[in-house]
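Here's the structure, in structure tokens; my notes come after.
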Amino acid sequence: MNLMLYKAISKQYDDNEILTYVNHMIPQNVLSQFKSNNYQEGQSFKILLQWFKNDFMKWMPKNLQCNVCNVQMKLQLLPGNSWKVRATEIYECSKCGSKIVFPRYGDIKKIAQTRIGRCSEWSMLFGAILNSLSFPTRIVHDYLDHCWNETYIRSSWIHIDSTLEYPISFNHPHYYEQNWSKEYEHVIAFSSNHIEDVTRFYTEKWDNEVLIRRKKNKTDKKISMLSKEYLEL
């Protein structure tokens, strides 16, 4: 588990210079519509989520095809040396030799500049945008190859996933288990100074599957161990 990465992301969510930078990337008309709804959850977040998904960010597929030769490109994965560049994916066509380079940034300003990524880049940046609008937001990881955000609204942490279509993207925490057949063991929310086990919020199978799975895999004490390690970073 890359605790250092999520610690760094959470710290960036508290960095006013970064928040100001990403806030300025929101178009004025989107910002005006967002505010004109008096921050009513439904309409306000719909406007922001649809802009981010449809107009701002681009999705990077895991399997790329050469635009010229129409064949699948070969992937070379170069590990990164810090959380700022977690890894670099280099895709090359075996026929024409064309290349596509995709750095996996943890630096939120870099993600905002490139405007491309997968669920991690999307949630890292969208969380910063929500924090820039004075909605406390944290990043959540299920460790089953997906992450998203939670935003604090009306005294509760609400599920928000900028990669999904609205309205599924807003406050549909059971979507992954119901539609992607997720078999959760731990879902963890990260803030700058602590982590929280939020698994119960995302599952309808807490007693009859999740707890049994934790006991079987001997991971029932994992959260307390991770919390201590996270605090020491």
Side-chain angles (χ1 to χ4, degrees), residues 1-10 13 41-42 45-46 49 52-53 59-63 77 83 86-87 104 106 117-127 130 135-233:
M1 294 187 181
N2 198 341
L3 297 181
M4 181 62 75
L5 171 64
Y6 290 118
K7 186 81 167 184
I9 296 302
S10 299
Y13 284 175
E41 288 112 63
F45 284 94
K46 176 182 178 181
L49 283 159
F52 189 79
K53 179 174 175 59
W59 185 263
M60 171 60 77
K62 288 186 176 180
N63 297 311
L77 182 63
W83 61 264
R86 300 174 285 147
R104 305 300 307 274
R118 301 194 187 105
C119 63
S120 55
E121 286 86 7
W122 284 50
S123 55
M124 290 172 191
L125 177 55
F126 196 68
L130 288 175
F135 283 89
T137 301
R138 58 190 183 182
I139 193 164
V140 180
H141 195 177
D142 68 0
Y143 292 96
L144 295 173
D145 197 29
H146 195 52
C147 57
W148 56 88
N149 296 112
E150 285 184 348
T151 299
Y152 200 67
I153 304 171
R154 297 188 182 183
S155 303
S156 297
W157 287 103
I158 301 298
H159 156 261
I160 293 185
D161 189 336
S162 58
T163 71
L164 301 177
E165 293 287 351
Y166 187 89
I168 301 300
S169 56
F170 184 81
N171 200 19
H172 282 77
H174 297 142
Y175 175 81
Y176 314 111
E177 190 175 68
Q178 292 172 349
N179 296 274
W180 293 1
S181 301
K182 292 280 190 177
E183 296 182 353
Y184 292 126
E185 194 167 324
H186 290 94
V187 180
I188 301 175
F190 294 87
S191 300
S192 58
N193 56 0
H194 73 281
I195 66 175
E196 183 179 344
D197 181 1
V198 294
T199 315
R200 189 191 289 263
F201 184 60
Y202 291 93
T203 182
E204 296 175 301
K205 304 173 183 178
W206 174 255
D207 291 312
N208 59 348
E209 287 192 23
V210 176
L211 290 180
I212 294 172
R213 194 176 295 126
R214 288 185 180 187
K215 188 174 182 180
K216 178 183 177 181
N217 296 330
K218 298 180 180 179
T219 59
D220 47 323
K221 296 182 180 179
K222 179 176 284 188
I223 298 297
S224 59
M225 294 171 60
L226 289 176
S227 295
K228 182 179 179 182
E229 185 178 345
Y230 195 72
L231 281 173
E232 293 173 351
L233 290 176

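Note that the structure is predicted; figures quoted are calculated from it, not measured.
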Test F190 against L3 for side-chain contact (heavy atoms from CB on, under 4.5 Å), laying out the working first. CA-CA 9 Å; F190 294 87; L3 297 181; 3.8 Å; yes
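- W122 is linked by a side chain to side chain donor-acceptor pair (under 3.5 Å) to nothing, counting only residues two or more places apart in sequence or in another chain.
- Atom CZ of F126 is separated from atom OG1 of T163 by 11.0 Å, given to the nearest 0.5 angstrom.
- The distance from the CZ atom of R104 to the CH2 atom of W83 is 15.5 Å, given to the nearest 0.5 Å.
- Pairing each heavy atom of K62 with each of D145, the nearest pair is NZ-OD2, 2.9 Å.
- Counted by atom type alone, D161 and Y176 present one or more donor-acceptor pairs between their side chains at under 3.5 Å.
- Considering only heavy atoms from C-beta on, E185 stays 4.5 Å or farther from Y143 through its side chain.
- Distance check: R118 CZ to C147 SG gives 12.0 Å after rounding to the nearest 0.5 Å.
- Taking both residues in full, the closest heavy atoms of K182 and E177 are given as O-CG, 3.7 Å, listed atom of the first, atom of the second, then distance.
- Between the OG atom in S169 and the CD1 atom in I160 there is a gap of 8.0 Å [rounded to 0.5 Å].
- In this structure, Y6 has its ring center at least 6.0 angstrom away from the ring center of Y230.
- Contact between H159 and P173 at its shortest, heavy atoms only, is ND1-N, 3.8 Å.
- Residue D207 is tested with V210, T203, L211 for a side-chain contact (heavy atoms from CB on, under 4.5 Å); the sole match is L211.
- Looking at heavy atoms from C-beta onward, H186 lies in side-chain contact with R214 at the 4.5 angstrom threshold.
- Going from atom CD1 of I9 over to atom OG of S123 covers 8.0 Å, rounded to the nearest 0.5 Å.
- Taking each heavy atom of K7 and S192 in turn, the nearest pair found is NZ-O, 3.0 Å.
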side-chain contact (heavy atoms from CB on, under 4.5 Å), that's the test. Do W180 and D142 meet it? Break it down for me. CA-CA 13 Å; W180 293 1; D142 68 0; over 6 Å; no
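- Using a 3.5 Å distance cut-off with no hydrogens or angles, the side chains of T151 and T137 do pair a donor with an acceptor.
- The line from CD1 of I188 to CD1 of I223 is 4.0 Å long, rounded to the nearest 0.5 Å.
- When all heavy atoms of G106 and M124 are compared, the closest pair comes out as CA-SD, 4.2 Å.
- Residues V140 and F201 fail the side-chain proximity criterion, which asks for heavy atoms closer than 4.5 Å.
- Residues satisfying the ring-ring contact (aromatic ring centres under 6.0 Å, His included) criterion with Y184, sequence neighbours excluded, are absent altogether.
- Salt-bridge annotation for R86 and E121: present, with a side-chain N of the basic residue lying under 4.0 Å from a carboxylate O of the acidic one.
- The closest side-chain heavy-atom distance from R138 to V198 is below 4.5 Å.
- Taking the six-membered ring for Trp, W148 and Y202 have ring centres closer than 6.0 Å.
- Annotation: side chain of F170 is in contact with side chain of I153 (closest heavy-atom distance under 4.5 Å).
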